[in-house]
Amino acid sequence: MKKVLMGNFAASHGVRLSRAQVISAYPITPQTHVVEELSAMVARGDLNAKFIKVESEHSALACCIAASVMGARAFTATSSHGLLLMHELLHWAAGGRLPIVMVAVNRAIAPGWNIWNEQTDTLSQRDTGWIQLYCASNQEILDTVIQAFKLAESVKIPVMVIYDAFILSHTYEPVDIPDQKVVDKFLPPINNPEALKVGEARAFGSVTNPDFHMEFRLKLHDTYERAMEKFSEIDAEYAKLTGRNYGIVEPYQCSDAELIMVTAGSLAGPTRMVVDGLRAKGIKAGRVKLKMFRPFPVEALKEALKPAKKILVLDRNLSPGTGGIFAQELRVALKEDKRPVWGFVAGLGGRDITPELIESMFFDALGAEVPVSNTIFKGVRL
Amino acid sequence: MIEPTYTIEESEELVHPGHLACQGCGATIAMRYVLKALGKKTVVVIPACCWSIIVGLFPSSCLDVPLIHTAFETAAAAATGARAALDVQGQEDVNVLAWAGDGGTFDIGFQALSGAAERNENIIYCCYDNEAYMNTGIQRSSATPVGAWTTTTPQGGLEDRPKKDIVRIMAAHNVPYTATANVAFPDDLYQKIKKAASYKGMKFIHILSPCPTGWRIPSSESIEVARLATLSNVFPLYEVINGSKWRVTYIPQKKVPVEKYLEAQARFRLMGEEEKKRIQKNVDEYWKELLKRAKR
């Protein structure tokens, strides 16, 4: 069934179709609609779940963690400051190998208060052990939420489904809502044999001394790497049922491209438009949309970027003193590579990234052999 | 001193030998009685506290029930999540026990506790109170009494703030059941846990649990000192139903001076005579007020 939905409601429908059992959340702009709609779904009886209105994001994730330890399918949603408040528990969830799914809407971090779009909140959680999937449309949000539960439960690693504040969260687009039967076939009820059971004397999270701790982390690391392969399988299976899949990375016009721009999230749209415009002018431009950021798909990126002579990265985020985080990761991945990488930082705190601005980035790279500096701020007054 | 009334039923031991507690640890005795009262159909949630260690290192556990270790400030929130999972799985009859120290209850876990109480989550929250951060080596918490030496109150008596009245605060959330208990009064503790389990909604039990290491007492004196706390009215035993009906569950027959309780513990050694008198006055006033509340 097709419906015109804002991104946040697309997420809610994904959670409903996934039959989440325990939902615990705290309101924060621009995520709030996700859980408002979920509480309405639970109240109407469209979703048979416990919805717990906790007193903070920290408690929201603590609640999901314990529910997941007890074997329930758990979901939460947050953004920006809420996500940062959860930071400690993000480590608990991943370290505990709990298949929790979270929606994280990318919003800037204070000071000053800023509710608009920026990716620094989720990217600064990159070392917590969560899988991160970035979405570029409302349809992709709905589909990714469903895929995320399947992925989380098959590798026992929590998954963050991520999309841009307002540009997607509050924007209405036509979305195909799959039939419940189709989703049920794809995503059976949760069955976690490691969950604690009443009557059994087992513990979650006991003190581990230096004799054990490292093996737990190694196992997480190894499985994390396999999550990439697992996601591709799940994505293919989903395509068979719905006709839609997204890939770990999505190259656009890359096969003969001399300049390729790498970006993530809703910037996938305008960058594609700019590539089309440049191609019309005879410039061989391409674009790679990064869907999976954790684990970082080094090989898939290398493959997609093969034809490029020059690589551009468009980051709507900043690691102060280092630059854009995607650029930083890519440079590490391409460390043997001699090709120049232009790291552009733009659109922080929700500032518009116009097609003209994106085009100017391509022209910067066209007009020079190497970038003027590691990080180039675009659309900024200073 | 008191007439023992053996009301604790013969039941399976759910706290097994081999735990890692110090000798004379009140918190360990408390857990033993509480689990005896709750039985095997219980899930325990433990935030960072002495019990994170006492229960044993991976892959061991001295508890014969499922146990969720959780972050310091999350006992009540995690218990909420475990409750929700059990409920959606149709296991409403299983007890969820949150088991936290005074630091995890009075201080860092207070927000989550207040939230769970306000939502009236169907859990039993026990705070075993040893009156300081004992696991990290005796630092002051907001449950540390006036005049007590700790490593962060080296001058002892200078810390002139009354102990946070956690039971009144929890009772003010109008939850079905709130109570104090003391490991030196195991029958009272056991009966209160039984009673707590009979209510649906949030139950909060504040259990005085002596820490010989932190209180600077010989481990063999643990129960004796805990008993003095109640006999001197420093730690009265009472319960509150629905936040309004107060009942004192134990009235000492012969009043023991507070001084006797204080002098039994080296942590109060720095305390002057004036301070002791002031504490006696405060204890008397609190007791009078408690009896008045219980009469209403």
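From a predicted model like this one, the values you see are computed outputs, not experimental measurements. Numbered from 1 within each chain, the chains take letters A, B, ... in sequence-line order.
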Pick one of side chain, backbone, both or neither for B/V65, based on which atoms fall under 4.5 Å of a heavy atom in chain A.
backbone
Quick check on the interface: out of A/A72, A/G96, A/A67, A/A195, who has the most heavy-atom pairs with chain B under 4.5 Å?
A/A67
N/O donor-acceptor pairs between chain B and chain A, cut-off 3.5 Å:
from   : atom 1 : to     : atom 2 : distance (Å)
B/F58  : N      : A/V207 : O      : 2.8
B/L67  : N      : A/R202 : O      : 2.9
B/L67  : O      : A/F204 : N      : 2.8
B/H69  : N      : A/F204 : O      : 2.9
B/E73  : OE2    : A/H58  : NE2    : 3.1
B/Q89  : NE2    : A/M70  : O      : 2.8
B/Q111 : NE2    : A/S56  : OG     : 3.3
B/R119 : NH1    : A/E55  : OE1    : 3.4

Given that the side chain runs from C-beta out, which part of A/F51 has a heavy atom under 4.5 Å from chain B: side chain, backbone, both or neither?
neither
Check each atom of A/V69 against the heavy atoms of chain B and say whether the ones under 4.5 Å are side chain, backbone, both or neither.
side chain
Under a 4.5 Å heavy-atom cut-off, does chain A meet the side chain of B/L57, its backbone, both or neither?
both
What I'd like to find out is whether the side chain of A/V198 reaches to under 4.5 Å of the side chain of B/L86, using heavy atoms alone.
yes
Please give me the minimum heavy-atom distance between B/I68 and A/L196, naming the atom from each residue.
CG1-CD1, 3.8 Å
